[in-house]
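Structure record follows, encoded as structure tokens.
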Protein chains: 2
Amino acid sequence: MQQHWITCKDVSTKHHPQHHPCASCPGVTRCLPLGLDTHDLDQIEGLFSPRLTVKKGETLYRCGDTFRHLYAVRQGCFKTVALNAEGREQIMGFQFSAELLGMDALVSNRHVCDAVALETSEVCPLHFQSLESLAQTAPTLLHSLLRVLGREIQREQALMYTLGNPGAEARLASFLVDMSRRSAMRGHDDMQFNLPMRRVDIASYLSCRIETVSRCLTQMQDQGLIQVRARAISLLDMRALKALAADISP
Amino acid sequence: MQQHWITCKDVSTKHHPQHHPCASCPGVTRCLPLGLDTHDLDQIEGLFSPRLTVKKGETLYRCGDTFRHLYAVRQGCFKTVALNAEGREQIMGFQFSAELLGMDALVSNRHVCDAVALETSEVCPLHFQSLESLAQTAPTLLHSLLRVLGREIQREQALMYTLGNPGAEARLASFLVDMSRRSAMRGHDDMQFNLPMRRVDIASYLSCRIETVSRCLTQMQDQGLIQVRARAISLLDMRALKALAADISP
DNA sequence: CGGTGACTTGACACTGATCAACTCATGTGG
DNA sequence: CCACATGAGTTGATCAGTGTCAAGTCACCG
């Protein structure tokens with residue numbers, strides 16, 4: 001058994017004594033190990049520190065914290081929030097199960113965002129130095145790691161493209177289509193799902209105000225594109241939403 | 001001498017017969033090899049295909065092209081442009097000498113942007129598969145590669161934060177401060193430099209219109225923050241500009 | 001020179017920000 | 001159990017910032 005690098009001091013986190021049978025994890029094919037053979041899988045399981053539970057509203061890491069782990073979301077979801085010296089907050093992304101957190105810190109060795117749990121969540125911490133060492137000897141692991149970083153670059157580029165779209169309605173449509181796609185990725189319904197974040201988080205993410213988000217949702221409902229009941233969303237006309245979104249290819 | 005993987009068919013590109021003495025390159029400490037020892041440096045030089053020249057206005061690669069190389073800009077500068085099915089163009093970034101191009105394609109193996117030379121430029125193509133293989137055996141090279149990808153992630157996050165700033169003036173100030181910083185990185189003046197891109201490119205990059213860019217520049221000049229003469233910019237009050245920009249830390 | 005593209009400036013319209021009032025759900029304590 | 005406080009969300013009225021359209025200037029190139 002390998003050493004555990006538990007460093008997270010957040011009072012609300014709880015250590016699970018279990019090991020991490022990635023093979024039995026519901027997200028195994030979508031997380032880092034994508035494309036690894038069973039031998040590699042054995043190795044990567046050794047990298048995981050025991051799982052952490054982060055309660056709703058509490059932080060997994062904070063801006064300025066030393067970077068030691070990447071975190072794979074096993075269950076639940078997070079928002080990442082950047083804030084500057086003047087105190088303006090900006091939501092940088094939402095992370096659901098089988099997605100990775102913490103890649104913002106690769107260069108500076110310090111996190112530049114807060115990661116806040118939107119609901120009580122479980123993460124698998126992945127010691128980055130060990131991952132880097134192991135990537136030296138396991139070609140498929142290196143390849144997976146590069147793909148994961150590449151996916152993050154691609155995600156951010158797609159978001160920049162979306163933010164460049166004038167018109168809040170287009171950006172919101174893009175957001176809903178993205179949420180739908182990721183709901184499907186998790187094996188859930190792609191036409192009907194719950195938004196775990198507050199309206200104000202959506203507004204920050206899309207660079208507009210909460211009132212605009214609210215009005216646009218109402219408007220899209222009046223047009224028969226969606227149905228809104230609090231945080232429960234039904235997509236009624238996916239084709240029209242995608243046309244509104246006008247995203248880049250993927 | 002290693003094989004050359006010349007695949008770029010752009011009629012305007014020209015192959016240089018020379019090798020690539022990274023050690024003598026003016027950008028050696030800022031490019032990929034950052035932190036490599038001389039032995040690693042010898043190895044990485046073997047990865048570079050002969051340099052390419054791309055004339056002003058022509059493309060290094062196009063959206064949809066198969067991904068084979070990363071490109072280190074040796075001299076000159078580029079813009080990367082994404083466009084969707086409906087034809088909306090969005091400038092995703094500007095790349096100057098000693099910066100890297102092509103990281104958008106890591107996942108899909110296809111470029112999702114056009115890379116267009118803003119002036120006649122020289123790039124060092126870097127065969128990615130070879131780089132990945134070599135990273136298996138050279139720990140410092142792997143580390144550098146991860147840092148480079150991490151820097152791209154960080155760059156995009158900083159841009160997302162900037163785009164979240166309401167007020168075109170703030171975004172433009174942020175842009176100018178960034179241009180200044182990168183001018184200094186290249187060893188040039190940080191208070192006085194030339195913008196190689198058109199106003200319309202700046203506008204797209206900052207998600208506003210060309211008229212807004214023009215008006216904001218005039219306005220900032222009237223306030224004594226900068227001096228504008230066509231594409232030549234002088235920063236007169238860096239402190240005020242940085243305050244306007246209100247960026248995240250780096 | 002005349003033509004072209006890059007850029008600037010002005011007038012006006014409209015999206016979305018701001019401020020305020022209101023509903024609704026949730027949780028607390030007497 | 002109710003009164004109350006709190007936070008999330010919606011809706012309305014108003015206004016500022018920008019987008020849009022149009023005209024004009026400027027610089028460059030054949």
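Each chain gets a letter, A, B and so on, in the order its sequence line appears, and its residues count up from 1. The structure displayed is predicted, hence computed values, not measured ones.
Evaluation of the salt bridge (charged side-chain N to carboxylate O under 4.0 Å, His left out) rule for Asp114(A) yields Arg62(A) as partners, not counting sequence neighbours. The salt bridge (charged side-chain N to carboxylate O under 4.0 Å, His left out) search around Asp178(B) returns Arg181(B), Arg182(B), not counting sequence neighbours.
The aromatic ring centroids of Phe94(A) and Tyr205(A) lie less than 6.0 Å from each other.
The side chain of Glu211(B) approaches dG10(C) more closely than any other nucleotide in the set dG19(D), dT11(D), dG10(C). When distances run from any side-chain atom of Thr218(A) to the nucleotides dC7(C), dG19(D), dT11(D), the shortest one goes to dT11(D). Here the nucleotide nearest the side chain of Arg209(A), chosen from dA6(C), dT18(C), dG16(C), is dT18(C).
At a threshold of 4.0 angstrom between heavy atoms, the contacts of Arg231(A) are confined to the sugar-phosphate backbone, with no base atom among them. Contact annotation for Ala168(B): backbone-only contact, meaning every heavy-atom pair under 4.0 Å involves sugar-phosphate atoms and none involves a base. Counting any heavy atom pair closer than 4.0 Å across all strands shown, Arg171(A) reaches no nucleic acid atom.
For the pair Arg199(A) and dT10(D), the criterion of a side-chain N or O lying under 4.0 Å from OP1 or OP2 is met. Contact annotation: Thr212(A) does not reach the phosphate of dG16(C) (side-chain N/O to OP1 or OP2, under 4.0 Å).
For the pair Arg88(B) and Tyr161(A), the cation-pi test (distance below 6.0 Å, angle within 45°) is passed.
On a pure distance criterion of 3.5 Å, a polar donor-acceptor pair joins the side chain of Arg215(A) and the base of dT18(C).
The distance from atom CD of Glu119(B) to atom C1' of dC28(D) is 17 Å, rounded to the nearest whole Å. The interatomic distance linking Glu169(B) (CD) with dA17(C) (C1') rounds to 17 Å, in whole Å. If you take CG of Asn194(B) and P of dC7(C), they are 12 Å apart, rounded to a whole angstrom.
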